[in-house]
Amino acid sequence: GYNEIIQIGAVLANDNWFELSNFDSLVYPENKNSVSKYSEAIHGISLDDLEDAPSAYEVLENFENWVRKSLKRQEDQPINDIIICGQSVINDVNFLRVKYSELNLTWPFSLKIIDLLSLSFIFYQIFDANGIRRSKSYSLNAVAEFFSFSREDSTHNALEDAILTYKCFKEYIKIARSIKYKMV
């Protein structure tokens, strides 16, 4: 009950990691006290910035409509085949599922997730075994920097995080497609 979703940002890609579309919306908080000076410093989003933002209900409805439109699916067609990817993505899924529950909405997505942090852990093992220098950190910034990507701003922006995460996934997929494995 203390945390609030104040922004949703996402990149939708197809099975070949081609970007179809992206989504970005601020969300008006139900609990204004959850938007503190501390959270404002992290996100760069103040309560004033959220004043005209749509409600969580509207944003979630818009988000689902965006997914359906981007995938050319009708309202009655399911979207539970989408794999949700992100950095420590279980946190995002949990925040969204709680909000869906609070609003008495049915969760439309699957619980299939791919976590960039976990993928980085595995790839770091491969890098170490092959003498490839890599960051000691598993943070999104560190992984993005490894691939020569950087933030435009120092604040935590949901869409920018989604774009950086998407770019990192694409790079890992390129590496994975180039690895030849021989059973011994």
Side-chain angles (χ1 to χ4, degrees), residues 1-13 19-119 138-144 151-169:
Y2 174 74
N3 296 305
E4 286 277 351
I5 296 172
I6 60 170
Q7 184 183 26
I8 295 178
V11 173
L12 186 64
E19 182 179 341
L20 301 175
S21 181
N22 64 53
F23 179 90
D24 184 29
S25 180
L26 294 175
V27 181
Y28 189 80
E30 292 175 20
N31 177 6
K32 291 182 184 182
N33 294 331
S34 65
V35 182
S36 65
K37 292 292 180 195
Y38 175 73
S39 67
E40 186 177 334
I42 291 172
H43 301 285
I45 299 170
S46 70
L47 202 49
D48 289 341
D49 296 327
L50 299 170
E51 201 57 45
D52 295 326
S55 70
Y57 186 91
E58 292 172 277
V59 174
L60 293 177
E61 186 176 67
N62 292 341
F63 183 67
E64 285 183 47
N65 289 336
W66 163 75
V67 170
R68 284 191 168 81
K69 182 179 177 184
S70 298
L71 295 175
K72 297 178 174 53
R73 294 191 188 170
Q74 300 300 316
E75 190 174 325
D76 62 335
Q77 292 179 294
I79 53 176
N80 62 354
D81 58 332
I82 295 170
I83 299 172
I84 302 171
C85 304
Q87 173 73 357
S88 300
V89 70
I90 194 66
N91 295 322
D92 298 322
V93 168
N94 286 337
F95 273 111
L96 286 171
R97 287 194 62 184
V98 165
K99 190 51 73 178
Y100 267 85
S101 178
E102 286 175 358
L103 297 171
N104 294 315
L105 296 171
T106 303
W107 177 254
F109 305 103
S110 75
L111 292 178
K112 298 174 198 162
I113 61 172
I114 303 175
D115 183 31
L116 185 65
L117 185 136
S118 300
L119 194 59
Y138 296 97
S139 72
L140 176 57
N141 287 343
V143 176
R151 293 184 179 283
E152 292 179 21
D153 196 358
S154 61
T155 57
H156 176 78
N157 175 286
L159 179 58
E160 186 175 32
D161 284 359
I163 291 168
L164 277 176
T165 303
Y166 162 72
K167 288 179 175 182
C168 292
F169 270 112

Is there a side-chain contact (heavy atoms from CB on, under 4.5 Å) between Ile82 and Leu71? Walk through the geometry before answering. CA-CA 10 Å; Ile82 295 170; Leu71 295 175; 3.8 Å; yes

For the pair Asp161 and Arg151, evaluate side-chain contact (heavy atoms from CB on, under 4.5 Å) and give the outcome as yes or no after the intermediate values. CA-CA 8 Å; Asp161 284 359; Arg151 293 184 179 283; 2.6 Å; yes

Under the side-chain contact (heavy atoms from CB on, under 4.5 Å) criterion, do Tyr28 and Val59 qualify, and how do the steps go? CA-CA 9 Å; Tyr28 189 80; Val59 174; over 6 Å; no

Please assess Leu111 against Arg97 for the test side-chain contact (heavy atoms from CB on, under 4.5 Å), listing each intermediate value before the final yes or no. CA-CA 10 Å; Leu111 292 178; Arg97 287 194 62 184; 3.1 Å; yes

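With rounding to the nearest 0.5 Å, the separation of NZ in Lys69 from CG in Asn62 is 11.0 Å. With values rounded to the nearest 0.5 angstrom, Glu40 atom CD is found 9.5 Å from Ile45 atom CD1. Rounding to the nearest 0.5 Å gives a distance of 10.0 Å between CG of Leu12 and OH of Tyr166. Atom OG of residue Ser55 and atom CG of residue Leu103 lie 7.5 Å apart, to the nearest 0.5 angstrom. Rounding to the nearest 0.5 Å gives a distance of 10.0 Å between CD of Glu160 and OG1 of Thr165. Annotation: the span from Glu19 atom CD to Ser70 atom OG amounts to 9.5 Å, rounded to 0.5 Å.
The 12-atom threshold is not exceeded at CD of Glu75, counting heavy atoms of other residues, nucleotides or ligands nearer than 6.0 Å. By the neighbour-count criterion of 12 heavy atoms within 6.0 Å, atom CD of Glu152 is sparsely surrounded, having that number or fewer from other residues, nucleotides or ligands. Under a cut-off of 6.0 angstrom, the local environment of OH in Tyr57 is sparse, with at most 12 non-hydrogen atoms contributed by other residues, nucleotides or ligands.
Classification of the Trp66-Phe23 ring pair by plane angle, with boundaries at 30° and 60°, yields tilted.
At least one donor-acceptor pair closer than 3.5 Å links the side chain of Arg68 to the backbone N or O of Gln77. No side-chain donor-acceptor contact under 3.5 Å links Ser110 to the backbone of Asp81. Asn22 places no side-chain N or O within donor-acceptor distance of the main-chain N or O of Ala10, the cut-off being under 3.5 Å. His156 places no side-chain N or O within 3.5 Å of a backbone atom of His43 that could act as its donor or acceptor partner. Counting only distance, with no hydrogens or angles, the side chain of Glu58 and the backbone of Ala53 share no donor-acceptor pair below 3.5 Å. Checked by atom type and distance alone, the side chain of Ser39 never pairs as donor or acceptor with a backbone atom of Val35 at under 3.5 Å.
Across Pro78 and Arg73, no two heavy atoms sit closer than the pair O-NH1, 2.8 Å. Closest approach of Leu116 to Phe169, counting heavy atoms only: N-CZ, 3.6 Å. Taking both residues in full, the closest heavy atoms of Asp49 and Gly44 are given as OD2-O, 3.7 Å, listed atom of the first, atom of the second, then distance. In terms of heavy atoms, Gln7 sits closest to Ala158 at OE1-N, 2.9 Å. Across all non-hydrogen atoms, the minimal contact from Tyr100 to Pro108 is CE2-CD, 3.4 Å. Here the shortest heavy-atom pairing between Ile8 and Leu60 reads CD1-CD2, 3.8 Å.
Residues Asn80 and Trp107 fail the side-chain proximity criterion, which asks for heavy atoms closer than 4.5 Å.
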